[in-house]
Amino acid sequence: MAPKRTMLNSSDMEGTDEEEYEAKRSRKSEKRAPEEYRKRRDRNNVAVRKSRDKSRFKAKETMEKVSRLRNENEQLEQKVKILTKELSVLKDLFLAHAGTVAEGNCNVASNHAVQNDHKYSMDVKQE
């Protein structure tokens, strides 16, 4: 019957056992050709560098996108304020105009004013 193999744990690597473990590891690495090891390490270093560069690029790209979206959000908020003010002015104009029509002051002068308002709104649309 073959001897039973046991896995080493941290308690097995104390004192002389630890020295034996390190000796086995170093013998194992001696079996590999130093050139092969060096090539592997170099390839690993290149892969690590690429991976880190890629993650840095992604982080930078994300920060730029956040900045761009913040600027766009500020511009949209300003536009909302302007449009809200414009809506308020237009409501006031409409209510003022509707009030004069409701009072029965619908004479030639008010018709002229309506035509001018309409003409103004057409000019604004064309711009």
Side-chain angles (χ1 to χ4, degrees):
M1 196 158 103
K4 216 180 201 184
R5 285 187 163 186
T6 60
M7 290 185 63
L8 295 176
N9 59 30
S10 60
S11 64
D12 292 337
M13 289 191 248
E14 293 174 2
T16 57
D17 289 340
E18 187 174 330
E19 291 166 5
E20 286 178 30
Y21 176 75
E22 289 299 322
K24 284 181 184 177
R25 284 192 64 200
S26 66
R27 275 184 260 141
K28 195 174 188 181
S29 64
E30 286 173 9
K31 290 178 185 176
R32 293 186 195 147
E35 295 168 14
E36 179 187 333
Y37 175 76
R38 188 72 260 157
K39 284 180 185 177
R40 245 202 240 150
R41 291 301 316 142
D42 290 343
R43 277 188 307 208
N44 181 261
N45 290 342
V46 168
V48 166
R49 196 174 307 121
K50 280 172 93 174
S51 174
R52 289 178 182 160
D53 288 345
K54 185 178 177 181
S55 68
R56 277 189 211 107
F57 177 76
K58 269 192 159 187
K60 183 180 177 185
E61 198 174 56
T62 302
M63 292 305 295
E64 288 172 355
K65 186 175 182 178
V66 166
S67 177
R68 191 173 60 249
L69 289 172
R70 280 188 177 145
N71 289 336
E72 183 180 345
N73 190 39
E74 287 175 14
Q75 289 174 353
L76 290 171
E77 285 176 353
Q78 288 177 351
K79 191 172 185 178
V80 165
K81 286 179 184 178
I82 291 168
L83 290 173
T84 302
K85 287 179 183 178
E86 186 177 334
L87 178 64
S88 177
V89 168
L90 291 173
K91 278 184 181 178
D92 291 345
L93 283 172
F94 175 76
L95 292 174
H97 180 71
T100 58
V101 171
E103 292 173 4
N105 295 332
C106 194
N107 55 26
V108 175
S110 67
N111 283 338
H112 183 68
V114 169
Q115 288 174 354
N116 283 341
D117 285 346
H118 180 70
K119 188 177 182 181
Y120 172 74
S121 65
M122 294 301 285
D123 291 342
V124 170
K125 287 180 185 176
Q126 290 174 357
E127 291 175 357

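This one's a predicted model, so the numbers in the text were calculated from it and none came from an experiment.
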- Task: First locate atom CD1 of I82, then atom CD of E86, and finally report the distance between them rounded to the nearest 0.5 Å.
- Result: 9.0 Å
- Backbone of V80 reached by a side-chain donor or acceptor of T84 within 3.5 Å: yes
- Note on the structure: Value for NZ (K50) from CG (D53), rounded to nearest 0.5 Å, stands at 10.0 Å
- Message: Apply side chain to side chain contact (heavy atoms under 4.5 Å, CB included) to residues D92 and S88 and explain how you reach the verdict.
- Response: CA-CA 6 Å; D92 291 345; S88 177; 4.1 Å; yes
- Sequence neighbours left out, what pairs pass salt bridge (charged side-chain N to carboxylate O under 4.0 Å, His left out) with at least one residue falling in residues 68-83? none
- Quick one: which of R40, R38, K39 gives a salt bridge (charged side-chain N to carboxylate O under 4.0 Å, His left out) with D42? R38
- Task: Kindly say whether K58 contributes a backbone atom to a donor-acceptor pair with the side chain of T62 at under 3.5 angstrom?
- Result: yes
